[in-house]
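Nothing here was measured: the structure is a model prediction, and the numbers come from that model. The figures that follow rest on heavy atoms only: side chains count, while hydrogens, waters and symmetry mates do not.
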Amino acid sequence: MRWFSLLLFLLFGLSAGAVSPKGGVADVQVAGGGQSLLYQPKSANLINGGEAYSLGTAKLNFGGSLGTLFNWYGKKGVGVQCGVRLNLLRTTCQLDSVAQSAASDAVNGLHYVQLVRFNHWQEEQTCVALSVPVGLAYRKPLGSSLDFYSAAGLEFLLPLSSHYKVTGGDADISAYYADYDVLLQNLPAHNLARVDGRPSGKFNMSVGLSAYADAGVRYHFYNLDASAALYAGYGLLNMYDEGDGAGIFNPQNEYSGVLGSTLVHSLHHLSFGVRLGVSLPLRR
């Protein structure tokens with residue numbers, strides 16, 4: 001965790017060494033709450049030619065962030081802010097239906113539909129992303145030692161690392177050849193068998209853009225304030241990376257992960273929770 005310690009050192013260093021007009025505040029904050037990737041796993045209906053159908057659920061998971069925001073306020077308490085955050089996004093997906101994907105038999109040169117019947121298949125996804133929030137800020141004194149503050153704006157998200165791991169369940173793989181109306185299953189020599197391993201790996205994500213809003217209070221001490229706020233954010237851009245457009249398992253039963261397959265076409269950032277931290281006054 002050397003990179004985490006280095007980031008923490010840089011954040012405090014930036015706050016202490018920043019130069020801004022009188023009335024500026026640097027917030028160094030730790031946040032916790034729902035920090036997740038929002039999506040719906042679905043499968044195309046290739047056999048019956050119907051509409052796509054749901055395969056299961058993607059549940060929000062606990063995540064957090066660490067960051068510094070610099071706020072510059074005018075005479076009426078209205079100003080601007082910008083900063084940097086390191087975010088931990090986590091989601092748990094469970095599949096309990098049959099996924100269909102187009103596949104090709106390289107030996108016989110035949111096309112078929114790969115069927116993957118999931119039984120309580122559970123996959124956890126984790127993404128570490130760097131974000132740069134830019135927005136409007138507002139503050140209003142509520143007394144000699146307490147301020148109300150709020151902010152809203154846009155936040156650019158740059159994924160740094162994204163991983164998945166399967167934590168439960170099993171899947172049965174079979175193949176349907178439409179030309180012959182034949183379903184092949186329970187043929188381990190042809191990779192048509194039950195899979196109950198726990199694969200893990202990486203998946204790709206595109207750069208994101210989210211709208212965010214914060215509202216809270218700062219309590220004044222001598223040269224250091226304590227802050228607490230509620231926050232929420234929602235992704236405006238689709239962060240899904242189509243990749244090579246493969247099914248969740250390839251013909252060799254190699255697993256690509258839910259977010260590395262054709263089961264997902266829309267992926268957005270979602271966050272809400274509480275921020276706690278310290279506020280440092282900034283002067284010339």
Checklist line | Qualifying side chain to side chain donor-acceptor pair (under 3.5 Å) pairs with a residue from residues 29-48, counting only residues at least two apart or across chains | finding: Gln29-Tyr149, Gln35-Tyr231, Tyr39-Gln125, Gln40-Ser54
Notebook entry, point to check: How would you list all residue pairs meeting ring-ring contact (aromatic ring centres under 6.0 Å, His included) that involve residues 259-278, not counting sequence neighbours?
Noted result: Tyr234-His268
Next item on the list: Among residues two or more places apart or on two chains, list those pairs meeting salt bridge (Lys or Arg N to Asp or Glu O under 4.0 Å) that have a residue in residues 111-124.
Entry: none
Checklist line | From Asn238 atom CG to Leu267 atom CG, the distance as rounded to the nearest 0.5 Å | finding: 6.5 Å
Notebook entry, point to check: Would a hydrophobic clustering, with Ile, Leu, Val, Met, Phe, Trp and Tyr connected at side-chain separations under 4.5 Å, put Val278 with Leu69?
Noted result: no
Notebook entry, point to check: How far does CG of Leu89 sit from CG of Leu37, to the nearest 0.5 angstrom?
Noted result: 5.0 Å
Check: Can you tell me how far the CD1 atom of Ile248 sits from the OG atom of Ser261, to the nearest 0.5 Å?
Finding: 4.5 Å
Notebook entry, point to check: Do you reckon Val217 sits in the same ILVMFWY cluster as Val78, going by side-chain contacts under 4.5 Å, direct or chained?
Noted result: yes
Item checked: Check against side chain to side chain contact (heavy atoms under 4.5 Å, CB included), Asp27 and Arg218 -> CA-CA 10 Å; Asp27 291 313; Arg218 296 190 186 99; 2.9 Å; yes
Checklist line | Counterpart residues, side-chain contact (heavy atoms from CB on, under 4.5 Å), relative to Asn250 (two or more places apart) | finding: Gln252, Glu254
Check: What ring-ring contact (aromatic ring centres under 6.0 Å, His included) pairs are there with at least one residue in residues 177-200, not counting sequence neighbours?
Finding: Tyr112-Tyr177
Item checked: His120: side-chain contact (heavy atoms from CB on, under 4.5 Å) partners, not counting sequence neighbours -> Gln94, Asp96
Checklist line | Asn87 vs Val128 side-chain heavy atoms within contact, under 4.5 Å | finding: no
Next item on the list: Report yes if the side chains of Leu236 and Leu154 come closer than 4.5 Å at any heavy-atom pair, otherwise no.
Entry: yes
Item checked: Nearest heavy atoms of Phe249 and Tyr255, plus distance in Å -> CZ-CD1, 3.5 Å
Next item on the list: Flag the pair Tyr240 / Ser266 as yes when at least one side-chain heavy-atom distance between them is below 4.5 Å, and no otherwise.
Entry: no
Next item on the list: Assess whether side-chain hydrogen bond (donor to acceptor under 3.5 Å, both in side chains) is satisfied between Gln100 and Tyr53, documenting all intermediate values.
Entry: CA-CA 10 Å; Gln100 304 180 29; Tyr53 54 89; 3.1 Å; yes
Checklist line | Partner set under side-chain contact (heavy atoms from CB on, under 4.5 Å) for Ala215, not counting sequence neighbours | finding: Phe148, Ser150
All N/O donor-acceptor pairs, side-chain side in residues 56-65, below 3.5 Å, sequence neighbours left out:
unit_1: Asn61; atom_1: OD1; unit_2: Arg90; atom_2: NH1; d: 3.3
unit_1: Asn61; atom_1: ND2; unit_2: Thr92; atom_2: OG1; d: 2.9
unit_1: Ser65; atom_1: OG; unit_2: Arg275; atom_2: NH1; d: 3.3

Notebook entry, point to check: Can you find a heavy atom in the side chain of Ser145 that is under 4.5 Å from one in the side chain of Tyr219?
Noted result: yes
Notebook entry, point to check: How would you list all residue pairs meeting salt bridge (Lys or Arg N to Asp or Glu O under 4.0 Å) that involve residues 151-164, not counting sequence neighbours?
Noted result: Arg85-Glu155
Item checked: Any Tyr176 side-chain heavy atom under 4.5 Å of Val182 side chain -> no
Next item on the list: Treating Ile, Leu, Val, Met, Phe, Trp and Tyr as nodes and any side-chain heavy-atom pair under 4.5 angstrom as an edge, say whether Val195 and Leu55 lie in one connected cluster.
Entry: yes
Item checked: Any Ser227 side-chain heavy atom under 4.5 Å of Leu276 side chain -> no
Checklist line | Intermediate values then yes/no, side chain to side chain contact (heavy atoms under 4.5 Å, CB included), Asn191 and Ile173 | finding: CA-CA 8 Å; Asn191 296 317; Ile173 301 177; over 6 Å; no
Next item on the list: Show your working on side chain to side chain contact (heavy atoms under 4.5 Å, CB included) between Val166 and Trp121 and close with a plain yes or no.
Entry: CA-CA 8 Å; Val166 174; Trp121 187 267; 3.6 Å; yes
Checklist line | Heavy atoms from other residues, nucleotides or ligands near NE2 of His111 exceed 12 (cutoff 6.0 Å) | finding: no
Next item on the list: Mind listing the closest non-hydrogen atom pair of Ala171 and Val116 along with its distance?
Entry: CB-CG1, 3.8 Å
Check: Stepwise, does the side chain to side chain contact (heavy atoms under 4.5 Å, CB included) test hold for Phe156 with Val207?
Finding: CA-CA 8 Å; Phe156 298 90; Val207 174; 5.6 Å; no
Checklist line | hydrophobic_cluster_shared for Leu88 and Leu130, side chain cutoff 4.5 Å | finding: yes
Notebook entry, point to check: Between atom CG of Leu259 and atom SG of Cys93, what is the distance when rounded to the nearest 0.5 Å?
Noted result: 7.5 Å
Check: Once you round to the nearest 0.5 Å, how far does CG of Asn186 lie from CG of Leu192?
Finding: 9.0 Å
Note to self: I'd like to check the side-chain contact (heavy atoms from CB on, under 4.5 Å) partners of Ser162; sequence neighbours left out, ordered by chain and number.
What the structure shows: Cys127, Pro159, Phe203, Met205
Next item on the list: Sorted by first residue and then second, give each salt bridge (Lys or Arg N to Asp or Glu O under 4.0 Å) pair with at least one member in residues 179-203; sequence neighbours left out.
Entry: Asp172-Arg194
Margin query: Is the ring pair Trp72/Phe70 parallel, tilted or perpendicular, if the boundaries are 30 and 60 degrees?
Written below: tilted
Next item on the list: Work out which heavy atom in Val132 is nearest to a heavy atom in Gly83; give both atom names and the distance.
Entry: CG1-O, 3.5 Å
Note to self: Measuring from atom OG of Ser131 to atom CG of Leu157, what distance do you get when rounded to the nearest 0.5 angstrom?
What the structure shows: 5.5 Å
Item checked: Connected via hydrophobic side-chain network under 4.5 Å: Leu280 and Phe221 -> no
Item checked: Residue pairs fulfilling ring-ring contact (aromatic ring centres under 6.0 Å, His included) with at least one residue in residues 76-100, sequence neighbours excluded -> none
Next item on the list: Please report the closest heavy-atom contact between Leu263 and Ala99, naming both atoms and the distance.
Entry: CD2-CB, 4.0 Å
